[in-house]
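Here's the structure we're looking at; comments come further down.
Values below: every heavy atom of this structure, side chains too, minus hydrogens, waters and symmetry copies. Per chain, numbering begins at 1; letters A, B, ... match sequence-line order.
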Amino acid sequence: MSNTNKEVLLSVKHVDIAFNNEGKKFRAVKDANFDIYKGETFALVGESGSGKTTIGRAILRINECDKGEIVFKGKRISGKISKEEDTNVIRSIQMIFQDPAASLNERATIEYCISEGLYNFHLYKDEADRITKVDQALTSVGLLPEHKSRYPHEFSGGQRQRVGIARAMIMEPELIVADEPISALDVSIRAQVLNLMNKFKEEKGLTYLFIAHDLSVVRFIADRIAVIHHGRIVEIAESEELFRYPLHPYTISLLSAVPMPDPQIEKKKELVVYDELKRDLSGPKPVLQEIRPGHFIFANDREMAEYEAKLQVMEKEHEALGE
Amino acid sequence: MEERKAILSAKDIEVKFRVRDSYLTAIRNVSLDLYDGETFAIVGESGSGKSVFTKTFTGMLESNGSITNGSIEFEGKDLTKLVTDKDWEGIRGAKISTIFQDPMTSLNPIRTIGSQITEVITKHQKISGEEAKKQAIDLMERVGIKGAADRFDEYPFQYSGGMRQRIVIAIALSCHPKILICDEPTTALDVTIQVQILKLIKELQQELHFTAVYITHDLGVVANVADRVGVMYGGQIVEFGTVEEIFYDPRHPYTWALLSSLPQLGTKGQDLYYITGTPPSLYNKIKGDAFAPRNEHALKIDFEQEPPFFKVTDTHYAKTWLLDPRAPKVEKPEVIQNLHEKILKMTSKGGAFYVEHE
């Protein structure tokens, strides 16, 4: 359970991200604070506008942090850093996007799409070396070397997403920020992409930040999950733990919305609606605090007492079920 | 099941698209009866033809496409014979309406919400502007817009995605259609909003009594809304039945594959089931069963001869040679056996998807 002996790859430390909108400041991310361990898949789950993509982009140095800092392998990577470090970050942290059609240059061959990173950073000895690397990247995602002379439109959605993954993998990254990588894909292809991501995690010890909007996929792929709502992380726990002891009402609302492929159950389903305005928000300012080992929740002392009482009931229930 | 009245009856529909110098056959002899008041869901991957098929009900095929065979009977008319916009008047948008995936692209960004609803009302009914506004506000309230009168003069960008989709629904229902086609109505929305929109459509269906046709790739949505389901692959319906038959007793290997690849059913640390290969090219004539090259259970005959529909029950048919009495017995994959028991366990106390209701 404990993560003490795991190596921290990336730390997001008390990060605020704000956007200026006609002189008004909009806080898109509020005090985000979490670690990603080496070799794990860390999922960030929330609905549109929750700030999950903004955090991903801040890690990639596309959005600036207003407060706090982001630390990658012990070095700060947010704010002003040297050109050399910048290059290093761009190479080590790669991204996979939601829409594979929009993220590939439609006028360039697959060979160029995949090699672009190599060109930019001169990561190859000679032409032969570059071609070997492209071939290897294509093979590793289940495409064929002869595909490299083709154009993106000649591929299906799933194949394009595999090109997107090959393009990221060729840079030999340590962290991949995958922003809804399967949302735009068909059901049957989703499974292929998820399997492929897991394969790289096992073979190369790759680490993922997996951004998603629904919990069903995340249960399958993530080791740990952070639930984010309106820019605020409300709950973080290991995947099993979160599904066993979901505590925050927003987590429960998301859980109740997971579509289940069963007509009898789905037709009876009731959504648990999360309405922040109807909640009792009295008492001191809430903070993210640990309620069970590795399980954090955004609460003040009064709420904490409620969650603890609830947790005890749940623990007893699980005991009674013989688990 | 008692004899039900078919409100729309499509027979042997074939749709071809002219692409450069060749023809692509998008729909290959599909027949479907829609019953009055039911909810029929068409499920399939992109390119399976599910949208193209329903576009023939409203004459909205792209200009390079045409219906080359078959008939669609609706209220004594054959819809395949209608050509001009004038022919379609009184049907498209009036008796058969469509809701599309992205509410932002189906609304005009530079006109007020109110004017976009009243436009549709005044086009199809001969009433005053004042009366139309009253109807529009009434509709907005009905689809759950709070403070509808105040929000009448707002623009689409002032509405959230879920609210915009509610407006699209209001517009689609403004002429009291007999059939509402919902083309991936919730794909662009958040999961919690999705549940609310599906519930809204169901409530309106009870109240206004229309037939709903859902087009979706999401089996969770199908389970939530459908009375009957048709599974499409390679331009054909390959299996259809009641929603319970399709989920609990699927017979076509493609339906098996779709259900098996759901991440909800996956076990962590094990690979998810996935379908190998790619869908068939619709430019070429398809020989035999279109799914055969990707089907691990394919028989020799699947590559030679197209299977007919085999009857499973009075309501359930599947187009696979596996149902021929001479075929070897093949069980559906382990992961979808006892599906209901498995999911019941997941959603009951102690299961991963158990949710406590207060």
Side-chain angles (χ1 to χ4, degrees), chain A residues 46-50 156-159 182-183 185-195 198-199 213-223 239-240 243-244 246 252-267 269-274 310 314 317-318 320-323, chain B residues 44-47 160-161 189-196 199 217-226 242-244 246-248 257-269 271-276 278-279 336 339-340 342-344 346-347 349-358:
Chain A
E47 298 189 85
S48 45
S50 62
S156 67
Q159 287 174 322
I182 60 162
S183 304
L185 304 178
D186 271 320
V187 194
S188 64
I189 297 159
R190 288 181 180 187
Q192 293 179 27
V193 172
L194 290 177
N195 289 347
N198 270 340
K199 183 188 105 169
H213 66 274
D214 111 69
L215 280 169
S216 59
V217 176
V218 161
R219 185 184 76 102
F220 175 74
I221 195 146
D223 299 303
S239 178
E240 287 272 301
F243 281 94
R244 186 171 284 210
I252 293 169
S253 172
L254 273 186
L255 196 56
S256 78
V258 170
M260 299 306 291
D262 184 318
Q264 284 181 18
I265 289 164
E266 191 66 23
K267 285 201 161 72
K269 178 162 95 173
E270 282 287 329
L271 177 70
V272 180
V273 179
Y274 178 67
K310 206 173 148 192
M314 289 166 110
E317 278 171 5
H318 279 291
L321 285 163
E323 289 178 36
Chain B
E45 291 175 78
S46 39
S160 68
L189 303 176
D190 281 326
V191 275
T192 54
I193 308 294
Q194 163 167 312
V195 182
Q196 295 170 22
K199 195 168 162 222
H217 66 275
D218 187 334
L219 287 162
V221 172
V222 175
N224 187 300
V225 300
T242 66
V243 68
E244 304 209 342
I246 297 297
F247 280 84
Y248 304 143
L258 269 187
L259 283 166
S260 307
S261 55
L262 287 171
Q264 285 95 321
L265 302 174
T267 314
K268 211 160 164 191
D271 269 2
L272 272 178
Y273 176 84
Y274 70 95
I275 309 174
T276 52
T278 49
I336 56 166
L339 185 74
H340 183 57
K342 276 179 192 154
I343 294 183
L344 200 60
M346 280 187 211
T347 51
K349 224 164 216 170
F353 292 103
Y354 171 70
V355 176
E356 197 172 319
H357 288 268
E358 276 157 19

Given the options T347(B), N224(B), V243(B), E266(A) meets side-chain contact (heavy atoms from CB on, under 4.5 Å) only with N224(B)
Residues at least two apart in sequence or cross-chain that pass salt bridge (charged side-chain N to carboxylate O under 4.0 Å, His left out) with D190(B), listed by chain then number, are none
Could you tell me whether the side chain of [X] and the main chain of [Y] form a donor-acceptor pair under 3.5 Å?
X	Y	result
K349(B)	L321(A)	no
N195(A)	L272(B)	yes
Q264(B)	P259(A)	yes

Do other residues, nucleotides or ligands put more than 12 heavy atoms under 6.0 Å from F243(A) CZ?
yes
Notebook entry, point to check: Around atom NZ of K199(A), are there more than 12 heavy atoms of other residues, nucleotides or ligands at under 6.0 Å?
Noted result: yes
**Prompt:** Are I265(A) and H340(B) side-chain neighbours, meaning at least one heavy-atom pair lies under 4.5 Å?
**Reply:** yes
**Study point:** 4.5 Å side-chain heavy-atom contact, P263(A) and Y248(B)
**Key:** yes
For [X], which atoms come within 4.5 Å of any heavy atom of chain B: side chain, backbone, both, or neither?
X	result
E317(A)	side chain
E240(A)	neither
D262(A)	both
V258(A)	side chain
S183(A)	neither
I252(A)	both

Name the region of [X], side chain, backbone, both or neither, that has any atom closer than 4.5 Å to a heavy atom of chain A.
X	result
A257(B)	neither
L344(B)	both
V195(B)	side chain
Y273(B)	backbone

Atom pair [atom1]/[atom2] of [X] and [Y] - distance to nearest 0.5 Å:
X	Y	atom1	atom2	value
R219(A)	K268(B)	CZ	NZ	9.0 Å
T192(B)	Y274(A)	OG1	OH	12.0 Å
L265(B)	S216(A)	CG	OG	10.0 Å
M260(A)	K342(B)	CE	NZ	12.0 Å

Looking only at D218(B), L219(B), D271(B), I275(B), most heavy-atom pairs under 4.5 Å shared with chain A are made by D271(B)
Greatest number of non-hydrogen atom pairs under 4.5 angstrom with chain A, of G161(B), S260(B), A223(B), G44(B), falls to A223(B)
Across all chains, not counting sequence neighbours, the side-chain hydrogen bond (donor to acceptor under 3.5 Å, both in side chains) partners of E45(B) are S188(A), Y254(B)
For T267(B) and F220(A) the tightest heavy-atom approach is O-CE1, 3.4 Å
